[in-house]
*Asks:* 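Can you keep this structure in mind? I'll have questions shortly.
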Amino acid sequence: MEYQDRLFNIKPYPIKSLKHYTNMSNLKKILDDKTWKLTNILSMNDKKESTRLGIDGGIERRDFSTFYLASFSNMRRESHAMWHIYGTPKIKEGISDLQIKKNKVLIDLKKDVFFNSDNFEIDYFHYWDGKNFRKCMYNKKIPLKNFDNYLRTCLFAKINYYDSKDEIFEKSYSYTSSIKGLGIGRVINISNFGRIKTRSWEYEKEIRLLAGASFFPHAPYEESYLLLRLKDKFFEKMKIILSPWDDGEGYDIVNEILATSHIEPEILKTIKIVSSSEKGMFN
């Protein structure tokens, strides 16, 4: 299991908090399916960062589409702005604005939950290619000539913030290199890849779980995603923070979501449902 340790037993760096703003529907899906979603890096919300993916000579934008991320806030306190921005469902038809706000929740995970491979099912993960789910492997030191669908690397990185006119947004992510067995080609320098945003996003104090994957045939696109498969231990001591707009119904709804999940009872006992510290502060 040595290869797996390199994926999730990552060398820790100081994490104050690991918070994810979402809604009750997504919470139920996470608990029922026992998966954590990593979205394609082409769908980043900072347009300046996203645009940078298209400036590299010799590397098309789609060649970056084998990278995926999950975003978290590294703030101990709740964020007024993020409660407003995140957790809104894509399909809002027939749902009032107030009900959408009431349905928001904040998942507060243990700070070290991604650093322990015992929290994950490590035989395979899921990859959605736009039409079907594929079973994909973790990196088992597969020779380059035999590569198929597998996860090359997985690591945590904090986001660094720069002024929108900083030259870093004009620098290339790629460089020319001699690739063994393939000759001269353009490769991606991941030292800053997926780790920079403009200062307008600094309030989020974002940290990311970044994953690089290899797919054959090459098919990823912007709406593709990965699903890491979770063990029940992943949810141990998780805190579910109710919406600041909650009118008292949220506790029972979340409690029912937990009760109907298939998580072990002993783990469920450690999960807390709490009110938001921002409750009563919003209109």
Side-chain angles (χ1 to χ4, degrees), residues 15-40 43-47 68-111 113-114 159 197 200-209 223 225-228 230 234-261 263 267-268 270-283:
I15 292 180
K16 298 177 183 177
S17 185
L18 204 59
K19 290 183 168 65
H20 182 71
Y21 291 81
T22 185
N23 55 58
M24 291 185 183
S25 294
N26 287 340
L27 172 66
K28 179 173 174 57
K29 190 167 184 61
I30 289 169
L31 295 172
D32 287 352
D33 297 349
K34 298 182 184 179
T35 59
W36 199 276
K37 183 177 181 179
L38 277 66
T39 56
N40 195 284
S43 61
M44 292 181 295
N45 55 11
D46 186 341
K47 298 304 180 184
Y68 296 82
L69 62 87
S71 296
F72 303 88
S73 174
N74 193 25
M75 296 171 59
R76 289 196 182 97
R77 61 180 176 82
E78 297 171 43
S79 166
H80 187 108
M82 282 191 279
W83 271 120
H84 277 281
I85 295 171
Y86 297 109
T88 302
K90 290 184 178 179
I91 301 175
K92 297 181 284 185
E93 186 177 348
I95 309 174
S96 69
D97 288 343
L98 180 57
Q99 191 58 51
I100 288 172
K101 291 176 180 178
K102 289 180 181 180
N103 287 343
K104 294 185 177 187
V105 291
L106 174 55
I107 299 175
D108 193 354
L109 297 168
K110 290 185 299 182
K111 293 184 291 185
V113 70
F114 283 97
I159 300 301
K197 297 181 79 167
S200 60
W201 297 94
E202 191 167 9
Y203 69 92
E204 295 186 346
K205 305 300 180 187
E206 183 181 352
I207 52 177
R208 287 175 175 172
L209 179 65
E223 283 73 36
Y225 57 85
L226 310 181
L227 290 174
L228 301 180
L230 315 174
F234 180 92
F235 303 104
E236 190 174 24
K237 296 183 179 180
M238 179 177 72
K239 189 185 296 182
I240 301 169
I241 302 174
L242 300 175
S243 167
W245 296 273
D246 175 53
D247 57 4
E249 297 179 354
Y251 182 90
D252 289 338
I253 296 173
V254 172
N255 201 41
E256 179 66 16
I257 291 173
L258 290 170
T260 56
S261 70
I263 296 173
I267 299 293
L268 286 176
T270 70
I271 300 175
K272 294 182 179 180
I273 307 171
V274 299
S275 297
S276 170
S277 62
E278 300 284 298
K279 187 173 182 178
M281 300 178 68
F282 295 173
N283 294 325

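Positions are given from 1 along the sequence. If you're wondering where the values come from, they're calculated on a predicted model, not measured in any experiment. Worth knowing before you read on, the calculation uses all heavy atoms, side chains too, and leaves out hydrogens, waters and symmetry mates.
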*Asks:* Atom NZ of residue position K28 - does it have more than 12 heavy atoms of other residues, nucleotides or ligands inside 6.0 Å?
*Replies:* yes
*Asks:* Is there a side-chain contact between F235 and K34, using heavy atoms and a 4.5 Å cut-off?
*Replies:* yes
*Asks:* Test of understanding: with side-chain contact (heavy atoms from CB on, under 4.5 Å), list the residues that count as partners of S261, not counting sequence neighbours.
*Replies:* L31, D32, I263, L268
*Asks:* If you measure from CH2 on W201 to OG on S71, what distance do you get to the nearest 0.5 Å?
*Replies:* 10.0 Å
*Asks:* Going by side chain to side chain contact (heavy atoms under 4.5 Å, CB included), M75 matches just one of E206, M82, E204. Which one?
*Replies:* M82
*Asks:* Could you tabulate the donor-acceptor pairs under 3.5 Å formed by side-chain atoms of residues 247-258, not counting sequence neighbours?
*Replies:*
unit_1, atom_1, unit_2, atom_2, d
D247, OD1, E249, N, 3.3
D247, OD2, K102, NZ, 2.8

*Asks:* Mind listing the closest non-hydrogen atom pair of I100 and P89 along with its distance?
*Replies:* CG2-CD, 3.8 Å
*Asks:* Going by side-chain contact (heavy atoms from CB on, under 4.5 Å), name the residues that satisfy it together with K16, two or more places apart in sequence or in a different chain.
*Replies:* N74, R76
*Asks:* May I ask you to test the I85-Y21 pair for a side-chain heavy-atom distance under 4.5 Å?
*Replies:* no
*Asks:* Of all residues at least two apart in sequence or in a different chain, which pass the side chain to side chain donor-acceptor pair (under 3.5 Å) check with E202?
*Replies:* none
*Asks:* side-chain contact (heavy atoms from CB on, under 4.5 Å) with A259: which residues, sequence neighbours excluded?
*Replies:* none
*Asks:* Rounded to the nearest 0.5 Å, what separates atom NZ in K205 from atom CZ in R77?
*Replies:* 8.5 Å
*Asks:* Could you tell me how the ring of W83 sits relative to the ring of W245: parallel (under 30°), tilted (30 to 60°) or perpendicular (over 60°)?
*Replies:* perpendicular
*Asks:* With respect to L106, which candidate in E278, H20, E78 satisfies the side chain to side chain contact (heavy atoms under 4.5 Å, CB included) definition?
*Replies:* E78
*Asks:* How long is the straight-line distance from CG of L226 back to CG of L209, given to the nearest 0.5 Å?
*Replies:* 9.5 Å
*Asks:* Going by the rule side-chain contact (heavy atoms from CB on, under 4.5 Å), which residues pair with K237 if we only count those two or more places apart in sequence or in a different chain?
*Replies:* K110, T270
*Asks:* Tell me the closest heavy-atom pair linking K101 and S243, and the distance in Å.
*Replies:* O-OG, 2.6 Å
*Asks:* Between F234 and F114, how do the two ring planes meet: parallel, tilted or perpendicular, split at 30° and 60°?
*Replies:* perpendicular
*Asks:* Test L18 against I207 for side chain to side chain contact (heavy atoms under 4.5 Å, CB included), laying out the working first.
*Replies:* CA-CA 8 Å; L18 204 59; I207 52 177; 3.5 Å; yes
*Asks:* How far does CD1 of I30 sit from OG1 of T35, to the nearest 0.5 angstrom?
*Replies:* 7.0 Å
*Asks:* Using 0.5 Å steps for rounding, measure from the CD1 atom of I273 to the CE atom of M238.
*Replies:* 9.0 Å
*Asks:* Roughly how far, to the nearest 0.5 Å, is the NZ atom of K19 from the CG atom of L109?
*Replies:* 10.0 Å
*Asks:* Do S276 and L242 have side-chain heavy atoms sitting under 4.5 Å apart?
*Replies:* no
*Asks:* More than 12 foreign heavy atoms under 6.0 Å from NZ of K279: is that the case here?
*Replies:* yes
*Asks:* Can you check whether D246 reaches K104 side chain to side chain, under 4.5 Å on heavy atoms?
*Replies:* no
*Asks:* Would you indicate whether the side-chain heavy atoms of T39 and L69 approach each other to under 4.5 Å?
*Replies:* yes
